[in-house]
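Chain letters run A, B, ... following the sequence lines, proteins first and then strands; every chain starts at 1.
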2 protein chains.
Amino acid sequence: MNSAVVPDAPRMAVSVTVDLVIFTVRDEALHVLLVRRGKEPFLGRSALPGGYVRPDENLDAAALRELSEETGVDGRELRLAQLRAYGDPGRDPRGRVITVAYLALGPDLPDPVAGTDAADAVWVPVERALSPGFGLSFDHGRILSDAVEEARSRLEYTTVAADFCREPFTVSDLRRVYEVIWGTALDPSNFRRKVLRTAGFVEPTGERRAAEAGRPAALYRFGGATELYPPLLRSGDVVR
Amino acid sequence: MNSAVVPDAPRMAVSVTVDLVIFTVRDEALHVLLVRRGKEPFLGRSALPGGYVRPDENLDAAALRELSEETGVDGRELRLAQLRAYGDPGRDPRGRVITVAYLALGPDLPDPVAGTDAADAVWVPVERALSPGFGLSFDHGRILSDAVEEARSRLEYTTVAADFCREPFTVSDLRRVYEVIWGTALDPSNFRRKVLRTAGFVEPTGERRAAEAGRPAALYRFGGATELYPPLLRSGDVVR
DNA sequence: CGATTTTTGGTCACTCTGACTCTAAGCCCG
DNA sequence: CGGGCTTAGAGTCAGAGTGACCAAAAATCG
């Protein structure tokens, strides 16, 4: 098959990029992984990690590569999932650039090591990244907003919350993920009941962990289920 | 701002298209709107309606335009929503083409009028379109499969089922939408209770419609709510 | 040791759901 | 015209799940 372009249709000067929204929970707040841009446009400003898709690379592979190159994070242990595509004309001053945004949730990852390509990757509280004065590049503020809403929703119907927790973890660790991302307080007892009765969400390791205060908590590992059925709905609660 | 392309990054020869999955319920079966291709590649084969995004057009606008041009359907009355992007190298023999797929559900629309651009648009039962011998173009089989699963899921958490019904409609009309798309039988009485008690799903018109058989059913119109809370979950039922 | 903190177990009332029964109101057909 | 058929719609009942509580267990801190 001839891989050259067949001149049979209106073509346009267009590029395709991938952008990644990587979340983690740190210090009781949702953080997003951002890089400082090293070139124009938006030189020196913060942006989501991402970059051009290469000619022989599928979108998922491009996302993994850019994540690794720009931040040093190995995305293979993350569940990267497509968020959606953004393609308004004018969203990128370099020309027509369509981007495919990916979303993943990770445990509290180590700070990027200086001296590598990833030297300029940092964890930023989402609240700060979205504040008006912060000045995210391109339309990354919009993408980040959409990603937050998507993450909130996924917590309801899937077990992704466990992705935020390094194993082994406690039920309280898991609960704090929900509380931070939803911005609501959950009843510890009811939450525990729900998690433990959902087949495949967590399984006990038999160990316990002594905390700074209070009774030591039992430790669990992820149970392998991806769907959460019935879902864990955030009800009308509005706290904070 | 110079809208010419800044030569600062690896570019690739790439095009962006939109493809549309438009569903309707007809004759107790889920149908999808397909067109017969008038050019290479896949000349004469069936495909999802869609085409190239123009330089100054955002993705949503491109989807609306292609839908109208190729099928004569006015998408403004449909709730078009992005499904996801597909960009594997090799998915299009013309070169590197990334497509953004859209999904919408419509009431039983009139057959396309011959003599227009839309002459070759037809409603095809999804089951047939997905059968091995049917030969959808490109990776449209994959896209269609994903769209079916997405539609099934959206019925659970949103009120999109009403998009399938031309107003005014009966509760049974609405139930048939669920039954056809999920492929399960639902209890008429329980379904009615759920729909009527969900604020904003439907509102009564006060009229009744005499059916071919049985007691005349009360007529309703859509109530404006988009979310369905609590959701209407397809439980473990597996029928058909 | 007592105060404090966090985990963990339990109760209770309420809602929602699925399965089911029964009545209402039309049409068809003999 | 009246019985049979069909679909709409009302209601009942038991069980699952949830939110709001209460209370005990097991650690640390002073």
Side-chain angles (χ1 to χ4, degrees), chain A residues 28 155-157 159 165 168-180 182 184-220 225 227-239, chain B residues 28 155-157 165 168-180 182 184-220 227-239:
Chain A
E28 308 284 302
L155 286 192
E156 295 188 303
Y157 306 112
T159 59
C165 300
F169 54 84
T170 69
V171 174
S172 294
D173 292 339
L174 200 57
R175 178 166 50 83
R176 255 179 287 277
V177 170
Y178 278 88
E179 292 182 330
V180 164
W182 284 353
T184 64
L186 298 178
D187 182 278
S189 189
N190 292 339
F191 180 82
R192 153 179 266 290
R193 178 181 59 193
K194 174 72 182 180
V195 168
L196 294 185
R197 287 200 186 166
T198 299
F201 199 168
V202 300
E203 49 189 37
T205 65
E207 310 274 303
R208 306 191 147 261
R209 175 200 293 165
E212 300 157 10
R215 175 175 174 172
L219 291 170
Y220 298 84
E227 301 299 307
L228 196 46
Y229 186 88
L232 178 46
L233 300 170
R234 47 187 158 156
S235 21
D237 316 308
V238 182
V239 182
Chain B
E28 308 284 303
L155 286 192
E156 295 188 305
Y157 305 114
C165 300
F169 54 85
T170 69
V171 174
S172 293
D173 292 339
L174 200 56
R175 178 166 49 83
R176 255 180 286 279
V177 170
Y178 277 88
E179 292 183 331
V180 164
W182 284 353
T184 64
L186 298 177
D187 183 279
S189 189
N190 293 338
F191 180 82
R192 149 174 274 277
R193 178 180 58 193
K194 174 71 182 181
V195 168
L196 294 184
R197 286 199 187 167
T198 299
F201 199 168
V202 301
E203 50 190 37
T205 65
E207 310 275 304
R208 303 191 149 262
R209 173 201 295 165
E212 299 156 11
R215 172 176 173 174
L219 290 170
Y220 298 85
E227 301 299 305
L228 195 47
Y229 186 88
L232 178 46
L233 301 170
R234 46 185 160 158
S235 22
D237 317 307
V238 182
V239 182

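Across every non-hydrogen atom of A:Pro216 and A:Ala210, the tightest pair is CB-CA, 4.1 Å. In terms of heavy atoms, A:Arg208 sits closest to A:Ala218 at NH1-N, 3.9 Å. Taking each heavy atom of B:Leu155 and B:Leu228 in turn, the nearest pair found is O-CD2, 3.9 Å.
Closest to the B:Arg176 side chain, of the nucleotides D:dA8, C:dC20, C:dT8, is D:dA8. Proximity note for B:Ser172 (side chain, C-beta onward) versus D:dA8, C:dT11, C:dC20: the nearest is D:dA8. Comparing C:dT7, C:dG9, C:dC20 against the side chain of A:Ser189 picks out C:dG9 as the nearest. Of the candidates C:dC20, D:dA8, D:dG17, the closest approach to any side-chain atom of A:Pro230 belongs to D:dG17.
Looking only at distances, a side-chain donor or acceptor of B:Thr205 sits under 3.5 Å from a matching main-chain atom of B:Leu219. Side-chain N or O atoms of B:Thr170 include one that pairs as donor or acceptor with a backbone N or O of B:Asp173 at under 3.5 Å. Judged by distance alone, the side chain of A:Glu203 and the main-chain N or O of A:Tyr220 form no donor-acceptor pair under 3.5 Å. A:Glu156 contributes a side-chain N or O that, together with a main-chain N or O of A:Arg234, makes up a donor-acceptor pair within less than 3.5 Å. At distances below 3.5 Å, not a single donor-acceptor pair connects side-chain atoms of B:Arg209 with backbone N or O atoms of B:Ala217.
Rounded to whole Å, the distance from CG on B:Leu228 to P on C:dC16 is 13 Å. In this structure, CG of B:Asp187 is placed 14 Å from P of D:dG9, rounded to the nearest angstrom. In this entry the distance linking CG of B:Leu186 with C1' of C:dT17 reads 13 Å, nearest Å. Taking atom CG of residue A:Leu233 and atom P of nucleotide D:dA16, one finds them 19 Å apart after rounding to whole Å. Rounding to whole angstrom units, CZ of residue B:Arg234 and C1' of C:dT17 are separated by 18 Å. Distance, A:Asn190 CG to C:dA13 C1': 13 Å, rounded to whole Å. If you take CG of B:Asp173 and C1' of D:dA8, they are 12 Å apart, rounded to a whole angstrom. The CG atom of B:Leu196 sits 8 Å away from the P atom of D:dG9 (whole-angstrom rounding).
Using a 4.0 Å cut-off between charged nitrogen and carboxylate oxygen, B:Arg175 and B:Asp187 do not count as a salt-bridge pair.
Taking the six-membered ring for Trp and the full ring otherwise, the centers of A:Tyr157 and A:Tyr229 sit at least 6.0 Å from each other.
Residue contacts shown for B:Arg197 are absent, as no nucleic acid heavy atom lies under 4.0 Å away. Among the protein residues, B:Thr170 comes within range of no part of the nucleic acid, since none of its heavy atoms lies under 4.0 Å from any strand. Residue contacts for A:Arg175: at a heavy-atom cut-off of 4.0 Å it reaches the sugar-phosphate backbone alone, with no base atom in range.
Side-chain N/O atoms of A:Lys194 include one lying less than 4.0 angstrom from OP1 or OP2 on D:dT18. For D:dA10, the OP1/OP2 oxygens have a side-chain nitrogen or oxygen of B:Arg192 closer than 4.0 Å.
Between the side chain of B:Arg193 and the base of D:dG11 there is no donor-acceptor pair of N/O atoms closer than 3.5 Å.
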Protein proximity profile, nucleotides 24-30 of chain D - base contact B, sugar-phosphate-only contact S, no contact -, cut-off 4.0 Å on heavy atoms: -BBBS--
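Rounded to 10 degrees, the angle separating the terminal axes of the helix from C:dC1-D:dG30 to C:dG30-D:dC1 is 0°, with each axis obtained from five end pairs.
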